[in-house]
Amino acid sequence: MKELFSVNFNGFFRNLFFSILGTALVFCLFFLTYSLVFNLITSKPEKVKDIFERSSLYSDLPAVLYDQTLEKTAEKSGSDIPLRDPEIRQIALDVYSPQFVRSNTEKLVDGIYGWLEGHTDSPEISLDFTEKNKEFAAEAGKYAEKRAKGLPVCSPAQIQNAEKFNALSSECLPSQVSPAQVRKEISEGDNALLDSKLTAGDIKTNDGKPLHESFSNLPKSFSLLKKIPIILFILAFILAGIAVYFSESLVSGLKRVSRTFLIAGILTASAPILLAYLVKRILSGASISSEASDITRTLFVEFMSNASKIYYFSGVLFILIAGGLYVYAKKLEKDTDKIPKMKS
């Protein structure tokens with residue numbers, strides 16, 4: 001009866017030990033690949049710029065900014081320009097063009113990475129939109145003049161009922177106002193869609209402090225992340241060595257490590273497919289505009305076009321290592337004289 005309820009605790013804890021060890025090695029190998037992706041792609045500003053360039057970021061972002069950000073900015077500044085007017089929208093998209101977005105985005109990338117790499121004490125962000133704002137006001141003024149020329153003269157009743165004349169939304173033109181005056185008023189008015197200048201200090205948290213000060217340790221973390229592949233490589237080697245050393249024999253240890261590398265290889269090679277599925281699910285459930293969704297999707301596609309090569313290469317390499325270890329273990333198994341006694 002006693003034998004029926006006996007438990008082999010040594011075997012239980014031994015299996016638990018190797019399960020934990022194998023799981024740790026799988027995660028170590030997987031994150032080794034992830035850290036390589038970071039080092040070879042994300043940590044390099046040139047690679048990031050290239051991803052932005054090949055995505056739809058520059059072509060689609062002006063419309064997203066106009067629809068989601070610029071309209072609120074204009075409303076707060078008291079602009080008289082009706083931003084829902086399709087002509088005004090097109091003027092803004094032509095002025096704040098993809099080329100404008102590209103040049104300023106690349107300045108942002110250079111400023112942020114200069115700080116992350118320790119070249120500067122804070123992100124060197126200095127964007128000046130003064131000339132573009134003037135250009136937008138001038139083009140809006142031209143449109144207002146053109147529209148004013150086609151308006152009928154206001155009747156006394158229309159003038160009396162109108163609270164304020166706006167050449168871009170009114171249905172008539174007061175007799176004392178000329179189209180040239182309309183153009184001058186719009187061109188010289190406070191109708192900027194963007195703040196004239198932007199620096200790192202202008203981007204603040206809810207308590208009014210510069211945002212980058214809340215991430216003052218980020219450059220150190222960035223530097224550490226660049227060293228992670230070496231750390232994970234050494235750790236993986238140590239974990240594999242421990243698994244072999246504490247196995248019943250060299251053959252069983254090599255087979256155990258072989259299975260672990262095989263699992264890690266399959267998971268690593270499958271990562272691009274799994275990530276693509278997750279991003280698709282997230283975007284389908286996110287409450288964002290189609291333009292913003294397209295930007296996110298194309299950014300991910302361009303990022304994965306580079307990252308997937310690393311994932312696939314690492315996955316195949318792990319599988320080849322698994323195969324090599326297994327073949328070597330089988331060879332040793334056939335020649336028992338070559339099997340050294342291992343610690344139990």
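On a predicted model such as this, the values are computed, not experimentally measured, just so you know.
Rounded to the nearest 0.5 angstrom, Lys197 NZ and Thr199 OG1 are separated by 10.0 Å. Separation of atoms CG (Leu57) and CD (Glu302) is listed at 11.0 Å; rounding is to 0.5 Å. To the nearest 0.5 Å, atom OG of residue Ser187 and atom CD of residue Glu135 are 12.0 Å apart.
Side-chain contact between Thr268 and Leu29 is absent, with no heavy-atom pair separated by less than 4.5 Å. Counting heavy atoms from C-beta outward, Phe222 and Lys226 have side chains that approach closer than 4.5 Å.
Shortest non-hydrogen contact noted between Ser97 and Asp94 is CB-O, 3.5 Å.
Counting only distance, with no hydrogens or angles, the side chain of Asp50 and the backbone of Glu46 share no donor-acceptor pair below 3.5 Å. Using a distance-only test at 3.5 Å, with no hydrogens or angles considered, a donor-acceptor pair links the side chain of Ser314 to the main chain of Ile310. In terms of modelled atom types and a separation under 3.5 Å, the side chain of Ser155 and the main chain of Gln158 share a donor-acceptor contact. Without hydrogens or angle criteria, Lys132 side chain to Val95 main chain gives a donor-acceptor distance under 3.5 Å. Looking at Arg54, its side chain never comes within 3.5 Å of a backbone N or O of Phe303 through a donor-acceptor pair. With hydrogens and angles disregarded, no donor-acceptor distance shorter than 3.5 Å links the side chain of Ser223 to the backbone of Pro219. Using a distance-only test at 3.5 Å, with no hydrogens or angles considered, no donor-acceptor pair links the side chain of Ser56 to the main chain of Thr298.
In this structure, Arg256 satisfies the cation-pi test against Phe18, with its NZ or CZ atom closer than 6.0 Å to the six-membered ring centre and inside 45 degrees of the ring normal.
Between the side chains of Ser293 and Thr296, no donor-acceptor pair of N or O atoms lies under 3.5 Å.
In this pair, Phe136 and Tyr96 present their aromatic rings tilted. The plane angle is within the 30 to 60° band.
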